[in-house]
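In what follows, chains carry the letters A, B, and so on, assigned in the order in which the sequence lines appear, proteins first and then strands, with residues in each chain numbered from 1.
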Amino acid sequence: MSQAELAAALGVSRQTIISIENGRYLPSLPLGFGIARFFDLTVDKMFDPDEEEAGT
Amino acid sequence: MTSFIRPRLRKPLLRGIALLGIAAAWAIGSPAWGLAIVIAVVAVGQTVYWYIWAGEDTDESALLASRADERQKQVGLQARALAGTVALAAAYIGLVITLAVKIADAWPFAALLAVTGFAYLLGLSSYGSGEPGPESEIAAGYQTRSPVGS
């Protein structure tokens with residue numbers, strides 16, 4: 001799936017998807033829930049700061 | 001009022017009209033009214049340019065075309081805040097310089113400072129107040145409750 005397709009599905013811009021991927025922008029709760037729902041995950045699985053820190 | 005105008009055209013058009021206002025004021029107030037025609041031509045040209053630019057795939061274009069998402073709106077707010085801060089600083093510096101050089105010319109800077117300060121206070125009162133909740137809860141010390149209905 002391309003960033004543009006994900007952006008269109010979530011109703012945001014491609015630049016916003018890129019910013020979220022790069023960790024430069026934290027999405028709002030509604031958008032966060034939307035992303036989690038889109039990937040069929042829970043929000044805590046999708047945005048787990050501890051997991052991110054462990055991965056870096 | 002502007003709902004019948006295409007969203008992509010609204011801001012470019014408003015900015016073009018703003019520049020046309022300057023052209024009209026120049027034509028009325030200045031003997032060199034020919035420059036007003038130049039400003040009017042620039043206003044039309046800039047409106048067309050911004051309309052084309054608003055169709056591109058960038059943050060600036062999204063803001064210009066009134067189709068910004070939540071992050072782009074935040075970027076726009078931060079840019080406006082920076083512009084306000086710079087305007088406030090410029091007004092202050094202008095006031096200090098004119099007070100030192102020629103007091104009679106200082107009032108526009110003082111007025112700008114006053115208006116900017118008032119707008120800041122207005123913003124605080126409009127956007128900054130949380131809802132205190134019922135009186136009984138205030139007396140109880142703002143007990144937190146779950147947003148999920150019980």
Side-chain angles (χ1 to χ4, degrees), chain A, chain B residues 2-3 5-15 49-86 123-124 126-133 142-150:
Chain A
M1 156 166 291
S2 70
Q3 291 168 334
E5 286 168 342
L6 177 59
L10 294 169
V12 295
S13 66
R14 193 175 51 82
Q15 291 86 354
T16 295
I17 298 296
I18 294 167
S19 295
I20 294 170
E21 280 180 357
N22 293 339
R24 288 200 311 270
Y25 176 67
L26 285 173
S28 67
L29 268 178
L31 180 55
F33 275 105
I35 296 169
R37 201 177 298 121
F38 185 85
F39 287 108
D40 205 17
L41 291 168
T42 56
V43 175
D44 59 322
K45 285 276 182 194
M46 196 81 207
F47 301 101
D48 187 350
D50 294 336
E51 201 172 280
E52 246 175 54
E53 279 170 20
T56 52
Chain B
T2 56
S3 58
I5 303 170
R6 292 176 64 179
R8 182 177 162 183
L9 184 59
R10 274 179 214 154
K11 282 183 186 167
L13 194 62
L14 281 174
R15 291 177 188 188
Y49 174 75
W50 272 337
Y51 178 77
I52 294 167
W53 190 27
E56 291 180 8
D57 183 24
T58 63
D59 288 345
E60 295 81 4
S61 303
L63 284 166
L64 196 57
S66 307
R67 56 176 160 77
D69 64 20
E70 59 177 45
R71 185 189 60 84
Q72 290 165 330
K73 283 178 185 167
Q74 190 179 320
V75 169
L77 271 178
Q78 287 170 327
R80 279 183 181 211
L82 177 64
T85 304
V86 170
L124 283 183
S126 299
Y127 309 123
S129 57
E131 292 176 32
Y142 291 101
Q143 292 296 316
T144 307
R145 61 181 174 185
S146 167
V148 181
S150 53

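For the residue pair B:Gln72/B:Glu60, the side-chain donor-acceptor check at 3.5 Å is not satisfied. Checking A:Thr16 against A:Ser19 by side-chain atom types alone, no donor-acceptor pair falls below 3.5 Å.
Proximity to chain B (any heavy atom under 4.5 Å) is shown, for A:Ser13, by both the backbone and the side chain.
Across every non-hydrogen atom of B:Arg15 and B:Leu64, the tightest pair is NH1-CD1, 3.5 Å. For the residue pair B:Pro7 and B:Ser66, the shortest heavy atom distance occurs at O-OG, 3.7 Å.
We find the CZ-OG1 distance between B:Arg80 and B:Thr85 to be 13.5 Å, quoted to the nearest 0.5 Å.
In A:Leu41, the CG atom is crowded: over 12 heavy atoms of neighbouring residues, nucleotides or ligands sit closer than 6.0 Å.
The stretch residues 28-38 of chain A places A:Ser28, A:Leu31 near chain B, each with some heavy atom under 4.5 Å from a heavy atom of that chain.
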Set out, in order, the CA-CA distance, both residues' side-chain angles and the distance that settles side-chain contact (heavy atoms from CB on, under 4.5 Å) for B:Asp69 and B:Lys73, then state yes or no. CA-CA 6 Å; B:Asp69 64 20; B:Lys73 283 178 185 167; over 6 Å; no

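Note: B:Arg71 leads B:Glu70, B:Gln74, B:Arg67, B:Arg71 in heavy-atom pairs under 4.5 Å with chain A.
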